[in-house]
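Okay, structure first, notes after.
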Amino acid sequence: MDEAKGTIKGSAAIRVASYLLVTIVSIFLLYANTIFIKRRSKEIGLFQLIGMTKGKIFRILSIENFILYSGSVILGIFGGLVGSKLILMILFKVTGVQSIAALQFSSQAVSQTLVVFGVIYLLIMLMNYRFIKRQSILSLFNVKAKTEEKVKKVSFVEITIGIVGILFIISGYYVSSQLFTSDFSTASEFFMAMSFILGSVIIGTYLFYKGSVSFIFNIVRKNKNGYLSINEVLSLSSIMFRMKSNSLLLTIITTVSALAIGLLSLTYISYYSAEKVAVSNVPSDFSLDNVQNADMVKETFTINHIDFTAHEI
Amino acid sequence: MTILDAKKIHKSFGNKFNKQEVLKGIDLSIQKGEFVSIMGASGSGKTTLLNVLSSIDKISSGTIMIEGKEMTSMKEKKLAEFRKNHLGFIFQEYNLLDTLTVKENILLPLSITKTPKKEANQLFDALAKELGILELSNKYPSEISGGQKQRTSAARAFIHKPSIIFADEPTGALDSKSATDLLNKMSELNQKRKATILMVTHDPVAASYCSRVIFIKDGQIYTQLMKGEETRQTFFKDILKTQGVLGGVQNEH
């Protein structure tokens, strides 16, 4: 890891990856929180009906969330400590290093985790506060009925979103194809380029799910001119609206699985190429760089009756 | 003694350009110990009326006094305080918390008012016996029938002895036997405990259990019937007759 940090590309990649992780975690938590609070809206409405003030409900929710979050942070840190030792042991085993895996505790990492979770916690509290303050009792009782998005006509805004999404994806891939060929030389430039690629592809994916899918399908439907076969009824329209209403979750799933597949293939490539590189760099069993030593080795081989072939360059 | 006194209630939905007036100036007053029901066709504004009277929804103009306290101008905090002590609610879809047992659900309003445990238990035992749900007290809402759920919900509304109880179609989701059962219990509680109940219903049978029925049409009070000394059967026939007159579509053209 420290080796990887040393190189320009390596350090940029690690930095981008950590930012990405934080973003994904926070988006995911915020998204989960909106679902949870919507599910509990009836309960919140009921508490207000029997005479709890909004402030008190918010306090209870905050305490509850605090217990949940601090608990999961503590558990997560311990799990991470144990897991890191396990993974280090696996690494030593795989690479054949004879060494004892020490339990590593990085106070910097802990404090960073605490800060990130603290900020997410504050954001979630802010969201809950707004939700409780804004909703009337009547709307709290009806929240469930409104979760499924209303089906509307594809508007001009959506068409723009769709096109912008596709453009974002294309530009991201274009920059990534240029990444190793040309003039990104310093670490900060590399970092910028990598963040741009990730950012534009992820936002592009989100917009793709939000707008492009329904935009493209809408074109297909227009061409059918109202007459849809039963397969198209089942697939086209439902995918169109389902994808739109779940675009955030789909984006997260796409990004995480893309990252996982990418990393997996990267590991396999480096594992596979390491052997190839070794063979092409050092094709012989022994290579010696001066004639005296070579003669000595040859002599030893002949004395011990070992067959050998020698190449001189 | 007047518990609820509403004057010239107006309520409209929608924005400036597309306004729909649902309540068009309703005057209503309810005495202590009355069991009043509001009837009307769907869309006549009866649920909206109940919502504004029970402080769940805001009115556009008018005044609502409960126990001599003006409710329309109250701030959030005071309103919560007011609901805590003076109002009880029963809904069509029960609104029980699935994670709490029957007893915990019923005692919820008392735990908010911080009633001592002993007193709370006494109140619970007496009320649960009257409603016939004492043996269910440790069951969860998912384990009991709709009628039992609604009786639990009614118990929750009665337990803190509110000034007035609002019931929105309490028999709407029940079969006729559980509905009769619930209505019998409710009118019993009304008589024994002098509880004031305001109920919205479209079921004439449910309305016939009340002491007074108010008919609403297009956001205005159409007429009202008093039970007086009549039996429930004759009162029921009166309600049906009025409903017939009320429900007829006018063919003026």
Side-chain angles (χ1 to χ4, degrees), chain A residues 32-69 71-72 125-153 155, chain B residues 11 13 22 47-59 74-100 104-115 141 152-153 155-160 162-163 165-168:
Chain A
N33 186 54
T34 47
I35 292 176
F36 285 147
I37 199 158
K38 263 185 194 156
R39 202 171 264 187
R40 296 183 67 183
S41 60
K42 214 169 202 176
E43 198 182 323
I44 294 171
L46 188 69
F47 282 145
Q48 280 186 41
L49 260 192
I50 56 174
M52 270 202 213
T53 58
K54 288 182 172 183
K56 191 162 185 197
I57 293 171
F58 175 67
R59 271 207 298 285
I60 289 175
L61 269 182
S62 306
I63 294 169
E64 191 187 289
N65 270 330
F66 182 75
I67 293 170
L68 270 177
Y69 275 79
S72 56
M125 286 301 90
L126 202 72
M127 258 170 68
N128 286 352
Y129 184 75
R130 261 190 45 185
F131 182 83
I132 292 172
K133 270 279 135 116
R134 275 169 131 204
Q135 303 282 350
S136 66
I137 297 175
L138 210 55
S139 57
L140 280 173
F141 279 118
N142 297 327
V143 158
K144 258 194 196 143
K146 272 193 281 181
T147 40
E148 192 80 350
E149 241 178 286
K150 262 191 202 149
V151 174
K152 275 182 284 185
K153 259 201 151 166
S155 64
Chain B
K11 172 77 187 171
F13 288 111
V22 181
T47 300
T48 311
L49 178 64
L50 190 86
N51 284 343
V52 294
L53 290 178
S54 61
S55 81
I56 299 183
D57 211 349
K58 286 220 160 13
I59 49 172
M74 273 191 200
K75 284 273 182 307
E76 209 275 308
K77 232 177 200 162
K78 260 194 147 173
L79 211 55
E81 189 69 20
F82 189 74
R83 278 193 208 111
K84 187 158 86 182
N85 296 320
H86 295 285
L87 308 182
F89 296 90
I90 306 173
F91 295 95
Q92 181 178 350
E93 59 277 10
Y94 325 125
N95 282 335
L96 298 172
L97 294 182
D98 297 327
T99 47
L100 299 182
E104 286 161 344
N105 259 305
I106 293 172
L107 290 181
L108 209 57
L110 292 184
S111 56
I112 286 182
T113 48
K114 298 204 175 78
T115 313
T152 308
S153 166
R156 186 182 62 196
F158 277 100
I159 190 99
H160 57 303
S163 320
I165 289 163
F166 296 99
D168 188 2

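Residue numbers start from 1 in every chain, and the chains themselves are labelled A, B, ... in the order their sequence lines are given, proteins ahead of strands. Bear in mind that the values here come from a model prediction, so they are computed numbers and not experimental data.
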From A:Lys42 atom NZ to B:Asp98 atom CG, the distance as rounded to the nearest 0.5 Å: 9.0 Å

All side-chain contact (heavy atoms from CB on, under 4.5 Å) counterparts of A:Phe66, not counting sequence neighbours: A:Ser70, A:Tyr121

OH (A:Tyr129) with more than 12 external heavy atoms under 6.0 Å: no

Which portion of B:Leu79 sits near chain A, non-hydrogen atoms under 4.5 angstrom: neither

A:Ser139 OG to B:Asp57 CG distance, which is reported to the nearest 0.5 Å: 9.5 Å

Proximity of residues 53-61 of chain A to chain B, residues having a non-hydrogen atom under 4.5 angstrom: A:Thr53, A:Lys54, A:Lys56

Part of A:Leu49 lying under 4.5 Å from any heavy atom of chain B: both

Residues of residues 89-97 of chain B within contact distance of chain A, non-hydrogen under 4.5 Å: B:Phe89, B:Phe91, B:Glu93, B:Asn95, B:Leu97

Side chain to side chain donor-acceptor pair (under 3.5 Å) contacts in which one or both residues fall within residues 105-114 of chain B, not counting sequence neighbours: B:Thr113-B:Thr115

Point-to-point distance, once rounded to the nearest 0.5 Å, from OG1 of B:Thr99 to CZ of A:Arg40: 8.5 Å

Option that, when pairs with chain A are counted at under 4.5 Å, heavy atom only, ranks first among B:Lys77, B:Glu81, B:Arg83: B:Arg83

Spacing of CZ belonging to B:Arg156 relative to CD1 belonging to A:Ile50, to within rounding of 0.5 Å: 7.0 Å

